[in-house]
Protein chains: 2
Amino acid sequence: MNKLLIVGSVAFDAIETPFGKTDKILGGAAPYIGLSASFFNLQSAIVSIVGDDFPQEYLDLLTKKNIDISGIKIVEGGKTFFWSGRYHNDLNSRDTLVTELNVLGDFQPIVPEDFKNSNIVMLGNLHPLVQSSVIDQMESKPKLIVLDTMNFWMDCALPELLDVMKRVDVITINDEEARQLSGEYSLVKAAAKIQNMGPKYVVIKKGEHGALLFHNKEVFFAPALPLEEVFDPTGAGDTFAGGFAGYLAQSENISFENMKNAIIHGSNLASFNVEKFGTERMVNLDKEEVLSRLKQFKSLTQFDIEL
Amino acid sequence: MNKLLIVGSVAFDAIETPFGKTDKILGGAAPYIGLSASFFNLQSAIVSIVGDDFPQEYLDLLTKKNIDISGIKIVEGGKTFFWSGRYHNDLNSRDTLVTELNVLGDFQPIVPEDFKNSNIVMLGNLHPLVQSSVIDQMESKPKLIVLDTMNFWMDCALPELLDVMKRVDVITINDEEARQLSGEYSLVKAAAKIQNMGPKYVVIKKGEHGALLFHNKEVFFAPALPLEEVFDPTGAGDTFAGGFAGYLAQSENISFENMKNAIIHGSNLASFNVEKFGTERMVNLDKEEVLSRLKQFKSLTQFDIEL
């Protein structure tokens with residue numbers, strides 16, 4: 001069975017949206033990625049760090065979804081990374097209220113022995129040096145390395161980000177970040193420049209406006225499913241990335257044509273994630289629902305003009 | 001052959017974008033709609049009004065594209081509608097610098113005898129009373145009536161707009177206008193409310209973010225083609241509408257499934273329109289280019305997940 005290695009934050013999130021607010025709930029890039037990837041036939045492991053305030057119940061939840069958690073270090077006396085944010089009325093923008101790095105500030109990732117030969121590596125949004133360190137520890141060259149990042153690292157650790165970008169195959173990034181990184185307003189031009197920085201595949205996430213996949217002169221687009229209500233967008237990008245990487249791990253085919261399918265699977269899974277607070281929807285989602293919504297994606301996008 | 005009746009402004013536009021500016025050039029909804037629809041196998045006519053300052057050369061241009069202009073009234077001593085605007089750097093927003101209604105202020109549309117039995121009627125953005133008057137003049141019930149409108153009429157002529165909406169099959173409207181008209185932020189909910197106001201098919205145009213087609217519980221999405229440069233967005237919505245209506249007129253099939261194809265044809269034609277100032281690109285576009293870009297649309301959106 002194919003192996004997917006996931007590195008990313010594991011966190012407490014406190015979220016406020018126009019529809020309500022939560023206390024500290026399970027958050028962080030890695031759980032979203034892992035839960036999303038768990039819908040595919042693969043072995044996955046999370047490499048991360050938490051404090052001893054992190055509930056066993058959350059770890060059990062991941063284990064129950066068949067995610068190896070031996071790479072999640074628990075720091076005695078340490079506190080888990082905490083993020084709190086408030087979304088604006090349109091849910092397209094948010095204010096960060098609190099960021100407490102806590103144990104994440106000294107995170108030295110250690111890849112479990114069993115996953116040093118993973119086929120697919122998904123580097124969730126973290127300091128680029130942490131991402132690089134995971135690549136260093138791989139014993140065999142992964143079939144595909146996917147990097148997620150954000151504007152914060154462009155502002156504070158650009159040289160390190162540019163270094164790790166040279167070592168990956170796919171980058172996932174949002175539209176504003178793609179513009180910032182490339183200095184180009186047109187996403188077509190931005191993607192071309194970013195390909196020259198290393199990753200041969202560039203995925204530009206546009207939130208409610210869908211996602212683009214660029215490779216050489218080719219481009220593919222997947223819409224976000226139009227929903228009656230978006231309840232909480234937290235983790236949508238990570239859920240997307242988890243579905244993308246998870247599907248590719250399962251299918252063992254990393255052609256551009258198959259990456260199109262991976263983008264659709266990622267978009268499909270992300271459409272569920274935003275329906276409830278935090279990871280709640282993903283935790284209780286079943287495969288029938290996923291399949292049924294994939295059919296909606298087909299009818300949303302497929303047409304039959306003969307050429 | 002199927003007949004497409006187009007009512008809409010014929011104008012002088014003066015456009016400023018970050019890439020340059022024009023003197024008074026051919027503009028208005030009707031020429032954009034007509035030029036776009038001219039790529040299909042149909043008979044079309046424009047109903048509109050201009051002053052005697054309107055160059056014969058522009059009228060000849062329309063005639064050369066096989067558009068019947070007998071319904072364009074030329075007012076002796078009158079001045080043609082003039083609009084001038086300046087786009088912001090992102091091309092997503094613009095300031096109107098000048099609006100001189102001129103002869104358009106007293107426009108009483110007269111549908112040519114030959115087109116009173118048109119199969120498809122495309123009501124371009126105009127006062128809703130003008131749009132209603134065109135419907136009144138039809139001798140046989142058209143197969144499909146498509147209505148374009150804008151926020152201006154929601155602000156200044158809402159009762160008349162609601163009246164004409166009850167008489168049409170399809171409305172095309174942008175996302176902000178759909179929200180204004182329905183009072184709903186979610187486009188899914190907005191489209192449901194608008195369907196209750198009359199049009200059974202609701203097309204929501206999102207500019208660079210594509211277009212949605214809603215009908216009952218069904219929804220279809222077409223992206224805008226990602227372009228290296230958008231030069232001038234003027235007329236993109238009208239070009240889209242012209243492609244949509246033109247394709248439906250040609251194919252004589254107004255099922256939801258075929259409307260999906262119409263949405264793609266509209267998006268495809270609009271992608272050309274934005275590449276040069278005003279109507280320039282559409283005037284010089286050939287069918288080979290249109291076909292080739294349709295293939296790009298297929299590879300941009302089609303995937304092969306088996307379900």
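Because the structure is a prediction, the values reported are computed rather than measured. First the proteins, then the strands, lettered A, B, ... as listed; each starts at 1.
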Proximal component of [X], with respect to chain B [non-hydrogen, under 4.5 Å]:
X        : result
A/Leu187 : neither
A/Lys206 : side chain
A/Lys189 : side chain
A/Leu227 : backbone
A/Phe221 : both

Quick one: does [X]'s side chain get under 4.5 Å of [Y]'s, heavy atoms only?
X        : Y        : answer
B/Val219 : A/Leu300 : yes
A/Gln302 : B/Phe220 : no
B/Asp304 : A/Glu257 : no

Among [options], residue most engaged with chain A (heavy-atom pairs, under 4.5 Å):
options                      : answer
B/Glu229, B/Gln296, B/Glu218 : B/Glu229
B/Asp90, B/Leu225, B/Leu212  : B/Asp90
B/Thr301, B/Ile263, B/Leu213 : B/Thr301

### Distance-minimising heavy-atom pair for A/Ile305 and B/Lys298
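So the two residues come closest at O-NZ, 2.6 Å.
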### Task
Write down the atom of B/Lys260, the atom of A/Ser299, and the distance for their closest heavy-atom approach.
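Closest approach of B/Lys260 to A/Ser299, heavy atoms only: NZ-O, 2.9 Å.
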### Query
More than 12 heavy atoms of other residues, nucleotides or ligands under 6.0 Å from NZ of A/Lys65: is that the case?
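Atom NZ in A/Lys65 is packed in, count exceeds 12.
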### Task
Drop me the distance from A/Asn89's CG to B/Tyr185's OH, to the nearest 0.5 angstrom.
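These two atoms lie 9.5 Å from each other.
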### Task
First locate atom CG of B/Asp175, then atom NE2 of A/His209, and finally report the distance between them rounded to the nearest 0.5 Å.
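Interatomic distance, B/Asp175 CG to A/His209 NE2, rounded to 0.5 Å: 7.0 Å.
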